[in-house]
Amino acid sequence: KQEVTQIPAALSVPEGENLVLNCSFTDSAIYNLQWFRQDPGKGLTSLLLIQSSQREQTSGRLNASLDKSSGRSTLYIAASQPGDSATYLCAVYNTDKLIFGTGTRLQVFP
Amino acid sequence: NAGVMQNPRHLVRRRGQEARLRCSPMKGHSHVYWYRQLPEEGLKFMVYLQKENIIDESGMPKERFSAEFPKEGPSILRIQQVVRGDSAAYFCASSPSPNQPQHFGDGTRLSIL
């Protein structure tokens, strides 16, 4: 049974820091892995999708890597800003469904 | 190009009533997925539907919950005889085909009095 874990559960940093959010999964037989952002009371915004054949994806200040063999993905956020404050969710595609981690709650203060 | 549309955004029901949640997928998407987010918990898969067919309902509670995606109209998640424990945010996602990126709606927040 696929399980997805995210560490840390919460993170509070000053503006400008570079951050690494971690995601681990127990079954390496995944199709894709996707990182989302969720603001309080809102839906999910897709940040990056990494296909199983890829090792990383980049979008602006965000970079996500995938190591299937070790069951890990990291989301790197460069030069963090207060507007980055949100919950970040990692999800793996397991056949026809997404299996989500419990998220990392990020707060970036000025 | 409108995204995934869910309505209502907020729904309040009393214990024992029925709740109907609607989801219109993105244009061109024929695959719909429902997820539930309980307070202080992660999102959990409930059901996967294609037009007129339930493909995977392994995450659906055995009783009181049902889902449909008719040939015409939105997908409906129906909860009969609601209880306090059904209070949660219910999210719908759609994709053009299996294993393609899923696009999420803003969710329906269900509160049970």
Side-chain angles (χ1 to χ4, degrees), chain A residues 1-10 21-27 29-54 57 59 64 66 68 73 86-106, chain B residues 2-10 21 23-26 29-50 53-60 67 69 88-111:
Chain A
K1 179 185 174 186
Q2 179 73 272
E3 293 183 3
V4 181
T5 304
Q6 290 187 245
I7 294 174
L21 308 182
N22 297 292
C23 171
S24 61
F25 45 95
T26 54
D27 185 350
I30 63 171
Y31 287 93
N32 302 315
L33 184 143
Q34 194 162 2
W35 283 91
F36 294 89
R37 168 187 173 138
Q38 184 176 28
D39 293 281
K42 303 289 186 182
L44 278 70
T45 301
S46 178
L47 297 174
L48 291 164
L49 172 80
I50 310 176
Q51 296 181 351
S52 60
S53 59
Q54 297 175 322
Q57 280 286 330
S59 176
L66 174 63
K68 283 181 59 177
S73 175
T87 296
Y88 290 79
L89 298 169
C90 162
V92 299
Y93 282 74
N94 191 343
T95 57
D96 53 25
K97 62 176 80 74
L98 282 168
I99 309 295
F100 282 87
T102 49
T104 293
R105 191 175 302 171
L106 173 64
Chain B
V4 177
M5 304 300 293
Q6 289 189 249
N7 66 83
R9 291 293 305 278
H10 301 274
L21 288 63
C23 170
S24 296
M26 284 184 69
H29 289 192
S30 59
H31 299 255
V32 166
Y33 313 80
W34 286 92
Y35 295 84
R36 177 167 67 172
Q37 187 174 35
L38 293 167
E40 303 303 320
E41 293 189 20
L43 280 88
K44 305 289 186 188
F45 167 80
M46 299 182 75
V47 62
Y48 162 38
L49 309 103
Q50 198 178 354
N53 289 303
I54 296 175
I55 308 300
D56 181 349
E57 56 181 348
S58 59
M60 287 279 270
F69 188 17
Y90 292 82
F91 291 94
C92 171
S94 72
S95 68
S97 59
N99 295 316
Q100 290 296 305
Q102 295 179 19
H103 298 260
F104 280 77
D106 287 339
T108 293
R109 271 113 189 123
L110 175 64
S111 298

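Reminder, nothing fancy here: chain letters follow the sequence lines and each chain counts from 1. If you're wondering where the values come from, they're calculated on a predicted model, not measured in any experiment.
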Quick one: what part of [X] sits under 4.5 Å from any heavy atom of chain A, side chain, backbone, both or neither?
{"X": "B:Gln102", "result": "both"}
{"X": "B:Gln100", "result": "backbone"}
{"X": "B:Gln6", "result": "neither"}
{"X": "B:Ser58", "result": "side chain"}
{"X": "B:Pro98", "result": "neither"}

Open item on the list: If we define contacts as heavy-atom pairs under 4.5 Å, which of B:Val4, B:Asp106, B:Leu43 has the most with chain A?
Closed with: B:Leu43
Task: CG-OG1 distance between B:Asn7 and B:Thr108, expressed to the nearest 0.5 angstrom - done: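 Here the rounded value is 7.0 Å.
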TODO: Rounded to the nearest 0.5 Å, what's the gap from CD1 on B:Ile55 to NZ on A:Lys97? Could you check?
DONE: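 Nearest 0.5 Å value for the CD1-NZ distance: 12.0 Å.
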TODO: Kindly assign one of parallel, tilted or perpendicular to the pair B:His31 and B:Tyr48, based on the angle between their ring planes and the thresholds 30° and 60°.
DONE: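 The rings of B:His31 and B:Tyr48 lie parallel, inter-plane angle below 30°.
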Open item on the list: Ring-plane angle category for B:Phe91 and B:Phe104, please: parallel below 30°, perpendicular beyond 60°, tilted otherwise.
Closed with: perpendicular
Open item on the list: Checking B:Ile54 now: which residues fulfil side chain to side chain contact (heavy atoms under 4.5 Å, CB included) with it, not counting sequence neighbours?
Closed with: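 Listed in chain order: B:Val47, B:Leu49, B:Glu57.
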Open item on the list: Looking at A:Gln6 and A:Tyr88, would you say the former's side chain and the latter's main chain have a donor-acceptor pair under 3.5 Å?
Closed with: yes
- [ ] Using atom types as modelled and distance alone, determine if a side-chain donor or acceptor of A:Thr104 lies under 3.5 Å from a backbone N or O of A:Pro8.
- [x] yes
Part of [X] lying under 4.5 Å from any heavy atom of chain B:
{"X": "A:Gln51", "value": "neither"}
{"X": "A:Leu89", "value": "side chain"}
{"X": "A:Leu44", "value": "both"}
{"X": "A:Asp96", "value": "both"}

